[in-house]
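Heavy-atom basis, side chains included; hydrogens, waters and symmetry copies ignored. Residues: numbered from 1 along the sequence shown. Nothing here was measured: the structure is a model prediction, and the numbers come from that model.
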Amino acid sequence: MELVHNGKLAQQLLEEAINSRASDVHVEPLGREVRVRMRIDGLLQELCRLPWSSYTTLVSQLKVLSGMDIAEKRLPQDGRWQLNVAERVIDLRLSTLPTITGEKVVVRILDQEQGVRRLEDLGMSSANLRRYRQMYGAANGLLLLTGPTGSGKTTSLYATLQELKQEGLNLVTVEDPVEYKLEGINQVAVNRKSGLDFATGLRALVRQDPDIIMVGEIRDRETAAMAVQAALTGHLVLSTLHTNSAVGAVARLLDMGVEPYLLAAALRGVLAQRLVRRVCAHCAASYAPSPQELRFLAPAAPALLRRGEGCEHCRGTGFCGRLAVQELLPVDEYMGDLISAGAGKAALLSHGASLGWRSLYADAVDKVLAGQTTVSELWRVGITGDAVAQEVKNVH
């Protein structure tokens, strides 16, 4: 990109990143030059390289915009501000980190107009969407979303809250941080410096006569116990866990010290997901799958698959946008009995399959065959095969 060094270098870089659909901008001091990268659809792409003489100016501009202490270079700092771009108000969050070559800066871009998505737009299959709506349609209980960092759990939670929002209900959240402001929903931001963590926030908001509670993440035993207790006392509780699969959420909560009979009574279902990049609609083309791809997709043996060839719309990557690959594990009364009895993963999934559960791998293959993503994308996010389904078969 062509830059004009006229005192607005920071704004130029940010506007270019926003117009490119970036979620983050990284300013990295390399010693002799400055590398600026932006994260698009989950992967970093280089935006430009700047001469070292621009580094101090750029960092200072960003610090001033975010209200940081310009003179402080030895300690990490956090700041935030808003930027108007094309008649849109963009929330920006700045984080600095001292490194041996200088301060590394990351700017998180939060577009309020683009942030809250509909469930239909997230890539959920029609069968999973129908079952998921049945789960959060319950008057009370615990509904969990799981997956690694960056798998879109918060986006799915926000989309769920948008559907749950009604005039006659009190919806309250406790989040770290509050990424998007949701109209009509009471949102609480975690502030550990003042002693407000997830457990403290949850303890306070249950006294606020809530109907629906969203806890950004269950990280410890106290928060887990309180979330389960709230679900058992008439509230619908939504939250997230860092586990690799839906069934892994059960073991994780038990490891945290939740009693099996309490978890069995509270849990309504678990949605696990990963984010994969969408094939660019502007440059998608058919190709013959490789032997490795055919082995991965077996028993399906498609003659052709689709991938993007790279164009200006996707910046030559062949991908534009992302969608979720998901597995949904419903919990009924018998599943609760299995949890209470300490049944293993294979037994839980065997019964889950009778309720409509399908593995992440099965959902991912469907999306490849539909031309929405590619096998290489599945490999990139760690989906390598359906070993879980084989475990279920071994139970029978």
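- Under a 3.5 Å cut-off, the side chain of Asp91 and the backbone N or O of Gln82 do not form any donor-acceptor pair.
- The residues Arg192 and Asp197 are annotated as not salt-bridged, no charged nitrogen and carboxylate oxygen being separated by less than 4.0 angstrom.
- In this structure, Phe296 and Leu378 have side chains that are in contact, with non-hydrogen atoms separated by less than 4.5 Å.
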Open item on the list: Could you go through Asp337 and Ser340, starting from their C-alpha distance and side-chain angles, then the distance that decides it, and tell me whether this counts as side chain to side chain donor-acceptor pair (under 3.5 Å)?
Closed with: CA-CA 5 Å; Asp337 292 340; Ser340 294; 5.4 Å; no
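- The backbone N or O of Gly31 sits nowhere less than 3.5 Å from a side-chain atom of Thr101 that would complete a donor-acceptor pair.
- Between the side chain of Asn84 and the main chain of Glu87, no donor-acceptor pair closer than 3.5 Å is present.
- With 3.5 Å as the limit, one finds no donor-acceptor pair spanning the side chains of Asn128 and Gln326.
- A donor-acceptor pair is defined here as one N or O able to donate and one able to accept, closer than 3.5 Å; such a pair exists between the side chain of Gln273 and the backbone of Ser151.
- Side-chain atoms of Ser239 do not come within 3.5 Å of backbone N or O of Gly216 as any donor-acceptor pair.
- The pair Lys63-Asp69 does not count as a salt bridge, with every side-chain nitrogen at least 4.0 angstrom from each carboxylate oxygen.
- Sorted pairs that involve residues 226-274 and meet ring-ring contact (aromatic ring centres under 6.0 Å, His included), not counting sequence neighbours, are lacking altogether.
- Exactly one of Arg322, Arg21, Arg315, Arg278 qualifies for a side chain to side chain donor-acceptor pair (under 3.5 Å) with Asp41. That residue is Arg21.
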TODO: List the steps, then state whether side chain to side chain donor-acceptor pair (under 3.5 Å) holds for Thr160 with Tyr132.
DONE: CA-CA 9 Å; Thr160 306; Tyr132 183 64; 2.7 Å; yes
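- Panel note: side chain Asp211, backbone Asn170; a donor-acceptor pair is recorded below 3.5 Å.
- The backbone N or O of Leu75 sits less than 3.5 Å from a side-chain atom of Glu72, completing a donor-acceptor pair.
- No side-chain N or O of Glu28 forms a donor-acceptor pair with one of Tyr55 less than 3.5 Å apart.
- Of the possible donor and acceptor atoms, none in the side chain of Glu175 sits under 3.5 Å from a partner among the backbone N and O of Phe198.
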